[in-house]
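Every chain is numbered from 1 and lettered A, B, ... according to where its sequence line falls, protein lines coming before strand lines. Please read these numbers as outputs of a predicted model, since none were measured by experiment.
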Amino acid sequence: MRWTKAFIPTLKETPAEAEITSHKLLLRAGLIRKLAGGLYTFLPLGVRVLHKVERIVREEMDRAGALEVLMPALQPPEIWQQSGRYETAADVLFKVRDRSKKEWVMSPTAEEVITTVAAAEINSYRQMPVNFYQVSMKFRDEIRPRFGLMRAKEFIMKDAYSFDATDEGAMASYKKMYDAYKRIFDRCGVQNFPVEADTGVIGGNYSHEFMVPADTGENDVVYCEGCGYAANIEKATSGIPKTAARDAGGAFEKFETPGVVTIEALSKAPYSVPANRQIKTLVYIADSKPILILVRGDDQLNETKLMARTGAVAARPATPDEIFALLGARPGSLGAATKVPALVASGDVKVYADDRLQGANEMTTGANEDGYHLRNVSIERDIKVTQWCDLRTVSAGEPCAKCGKSLKIRRAIEVGHVFKLGTKYSEKLNATFLAEDGSRKPSVMGCYGIGVTRTMQAIIEQCNDKDGIVWPISVAPYTVCITPLAVAPDSAVMQVAESIYADLTAKGIDVILDDRDERPGFKFKDADLVGFPIRVAIGEKSLAKGEVEIKRRGGEMILVKSDDAVAKVAELIAAAGN
RNA sequence: CGGAGCGUAGCUCAGCCUGGCUAGAGCACUUGCUUUGGGAGCAAGACGUCGCAGGUUCGAAUCCUGUCGCUCCGACCA
């Protein structure tokens, strides 16, 4: 490609719409332009990068034995109702109507469709294992699109769906995808690591997310440098000890605490009850029923865990009015030792308590009466706990549950997610088969997503410097940029440039020739901004000695004889290895 | 949806508080001359429904109301 024939609208200044580095660079390097919030046009250079990432994805999916398909973006709402996700995923569903007013759903993912295919076509255990994948535009009515391609209303996703006859088979399919994902992100040239993850609305019981570490990521990841444990904070647990039991005192007693409505206020004089001897009582409305959640005063409730443990489809904090109606007190004076046991006994309320409180006594909590708290509360004796479970959020510095080393937390971008789904969808959509023993069973599914456009941005977020993008060779829009410092066709400089351009092109290397009649500084700045991995600069000075300059983006410049330039470039590309 | 901020040239922004001449600058764009190893200089030129709609006023980019859009913080996810 010749630069004068390409379309690369670079920007010297940063558009006001961009906040994070990768978004700024996507715009400045001329890869994308915004049409509206969360909707972007991929310009020619952006498309080239996208295709390179997609190619890596396809190669590795194919290598792992998955089969490419292409499913409709417009889907009938009936199959969503059948799976139950018409309600549970309602928030993100784009819906449209055709001329006959029939409603259609714009695909945010395709479990329902592929399972419909499987229901019709997979009738025997002999047809499995099988894994179908596609690369296609997905649509989600995001609450808040942001950061360019990072969270958009439409985005390109690679989604794959495996079908197995047995649970063991499904685990093997899962492992194949897990391994393929590791290879894909490694080949894309980004640091990445898998973490244990929550399964959320998709369902299932086993899941990993692939993360690219970045301060601008939207996920907190808990990890241990000792044993390699890593998990999304929504899922992470630690080996933090339970609350120490003390010598059991007498019955709990009420005491006056006028105006005290926070853990902190109660921890100060004259009360001086440390946060770790308090029980924090929260009221949530889960699927329109009130539930009580008990965590220790110095712990934070993890809402994702709450959803997972209660199996609720929707949960939100109760309003002060709802709380008052239920317990007769306002937030800040709530507790589960009074009034609540009767509500639990009558089945009106369930109490979920964090494991860390198990066996705790001599605790302080609200009295369900404004201005009063209770001291000397023993959980086992005074509170009817419906279910004990892990509900707290892990903090940095807590001991690892596996090896005891101090846990750390970092921000990261989720670029891939693998789920073992089980039979949730195959049961609801009747994807059953005849097993070897003649019985009819639902197939065991897995699903596997990669945010292709998000991956593209995550690569930029990680691979950049003050001058611009620093593309890994595997995904760069062009691998080599040839920069002649004179462009008159009869100049020696341009003739050498043309010759190297022709030779590199003949070798099948993606190369762009900057034939613009611009000053050298201008061309260098543009090349650095766009981030071509290898630059070959040809100027009169060095050419007088028969030499050209080869520079690895972000690396050292070397001088080579112009006749050796092509071989040297090939060598650099081979050294990158991906 | 809740909270905060912003909409003026293709881009970055000034002007608005305290209404008043023809609405400005830099970058980008066009033409010419000079320049030519890290986003050049000079000269000339083209580019605006001041987001949109109503209102107040002799007069609105400026004040008021509504509305639309964008960005950031929170709940959602690849």
Side-chain angles (χ1 to χ4, degrees), chain A residues 9-20 23-24 27-28 30 33-39 57 88-93 108-110 135-160 181 185 197-202 207 209-212 216-219 232 234 303-304 307 314-317 413-419 447-458 466-468 483-488 493 516-529 535 537-543 549 551 557:
Chain A
T10 57
L11 301 171
K12 194 187 289 191
E13 291 180 280
T14 304
E17 72 191 61
E19 201 66 26
I20 66 174
H23 188 195
K24 290 176 184 169
L27 292 163
R28 288 192 56 210
R33 285 294 182 266
K34 184 176 73 177
L35 175 65
L39 300 172
V57 168
T88 57
D91 288 354
V92 300
L93 286 184
T109 170
V135 179
S136 64
M137 195 65 85
K138 295 295 186 293
F139 305 86
R140 288 189 193 173
D141 191 359
E142 287 289 344
I143 297 166
R144 181 151 89 89
R146 62 177 139 182
F147 300 153
L149 306 178
M150 213 59 104
R151 178 180 296 281
K153 280 185 157 71
E154 59 169 64
F155 58 96
I156 294 175
M157 180 163 95
K158 185 287 301 174
D159 45 326
Y181 274 36
F185 296 118
D198 179 68
T199 49
V201 71
I202 290 183
S207 172
E209 289 165 331
F210 283 77
M211 295 289 189
V212 169
T216 54
E218 299 186 82
N219 295 270
N232 191 309
E234 296 175 341
E303 288 197 13
T304 306
M307 302 287 282
R316 60 167 175 85
I413 300 164
E414 179 192 353
V415 288
H417 202 158
V418 291
F419 296 87
C447 74
Y448 319 92
I450 288 179
V452 177
T453 41
R454 180 184 283 181
T455 298
M456 173 174 158
Q457 183 164 351
K466 64 175 172 48
D467 294 315
T483 309
L485 302 186
V487 295
V493 165
R516 294 175 300 172
D517 187 10
E518 292 287 354
R519 301 159 64 84
F522 187 90
K523 293 164 93 162
F524 290 149
K525 285 288 186 189
D526 254 0
D528 286 348
L529 174 59
R535 189 184 72 201
I538 303 147
E540 282 176 15
K541 276 187 229 163
S542 46
L543 194 58
E549 295 165 13
K551 187 172 183 302
M557 193 254 290

A/F524 six-ring face occupied by A/R535 cation (under 6.0 Å, within 45°): yes

For [X], answer base if it contacts any base atom (sugar-phosphate contacts may also be present), sugar-phosphate if it contacts only those atoms, and nothing otherwise; contact means non-hydrogen atoms under 4.0 Å.
X      : result
A/L529 : base
A/E549 : base
A/S542 : base
A/N232 : nothing
A/T455 : nothing
A/A458 : nothing

Integer-rounded Å distance: [N] [atom2] and [X] [atom1]:
X      : N      : atom1 : atom2 : value
A/M307 : B/rA75 : CE    : P     : 13 Å
A/R33  : B/rG10 : CZ    : P     : 14 Å
A/D517 : B/rU34 : CG    : P     : 14 Å
A/L485 : B/rG39 : CG    : P     : 13 Å
A/E234 : B/rC77 : CD    : C1'   : 9 Å
A/D141 : B/rC77 : CG    : P     : 14 Å
A/D528 : B/rG37 : CG    : P     : 17 Å
A/K551 : B/rG38 : NZ    : C1'   : 11 Å

Contacts of type salt bridge (Lys or Arg N to Asp or Glu O under 4.0 Å), residue [X], not counting sequence neighbours:
X      : result
A/R519 : none
A/K523 : none
A/E218 : A/R146, A/R151

Strictly below 4.0 Å: does A/R519 bring a side-chain N or O up to OP1 or OP2 of B/rA40? yes

Test item: [X] side-chain N/O and [Y] main-chain N/O as donor-acceptor pair under 3.5 Å:
X      : Y      : answer
A/Y448 : A/Y181 : no
A/Q457 : A/F147 : yes
A/R140 : A/E154 : no
A/E209 : A/A197 : no
A/R28  : A/T10  : no

Can you give me the N/O atom pairs linking the protein to nucleotides 27-33 of chain B at distances under 3.5 Å, or say none if there are none?
none

Looking only at the side chain of A/E414 (C-beta and beyond, no hydrogens), which of the listed nucleotides B/rC11, B/rG38, B/rA78 gets closest? B/rA78

A/P520 side chain: which of B/rG39, B/rA78, B/rU36 is closest? B/rU36

In whole angstrom, give me the gap between the [atom1] atoms of [N] and [M].
N      : M      : atom1 : value
B/rG5  : B/rC21 : C1'   : 33 Å
B/rU22 : B/rG26 : P     : 22 Å
B/rG55 : B/rG39 : C1'   : 48 Å
B/rC68 : B/rC52 : P     : 15 Å
B/rC50 : B/rU8  : P     : 11 Å
B/rA43 : B/rC27 : P     : 12 Å
B/rU34 : B/rC11 : C1'   : 27 Å
B/rA46 : B/rU30 : P     : 15 Å

Could you tell me which non-hydrogen atom of A/V493 sits nearest to which non-hydrogen atom of A/G539, and how far apart they are? CG2-C, 3.8 Å

So which one's nearest nucleotide on RNA chain B is more toward 5', A/K541 or A/D91? A/K541

The answer to which of A/R28 and A/E218 contacts RNA chain B further toward the 5' end, by nearest nucleotide, is A/R28

Is the base of B/rC77 touched by the side chain of A/R140 through a donor-acceptor pair closer than 3.5 angstrom? no

Between the base of B/rG39 and the side chain of A/D526, is there a donor-acceptor distance below 3.5 Å? yes

Going from OG1 on A/T455 to CE on A/M150, what distance comes out if it is rounded to the nearest 0.5 angstrom? 9.5 Å

When you compare the protein's N or O atoms with those of nucleotides 71-73 of chain B, which come within less than 3.5 Å of each other, and at what distance?
residue : atom : partner : partner atom : Å
B/rC73  : OP2  : A/R144  : NH1          : 3.3
B/rC73  : OP2  : A/R144  : NH2          : 2.6
B/rC73  : OP2  : A/R146  : NH1          : 3.3

Under 3.5 Å for both donor-acceptor distances, Watson-Crick or wobble: does B/rG39 have a partner, and if so which one? none

Result block: side-chain N/O donor-acceptor pairs under 3.5 angstrom for residues 11-20 of chain A, not counting sequence neighbours:
none

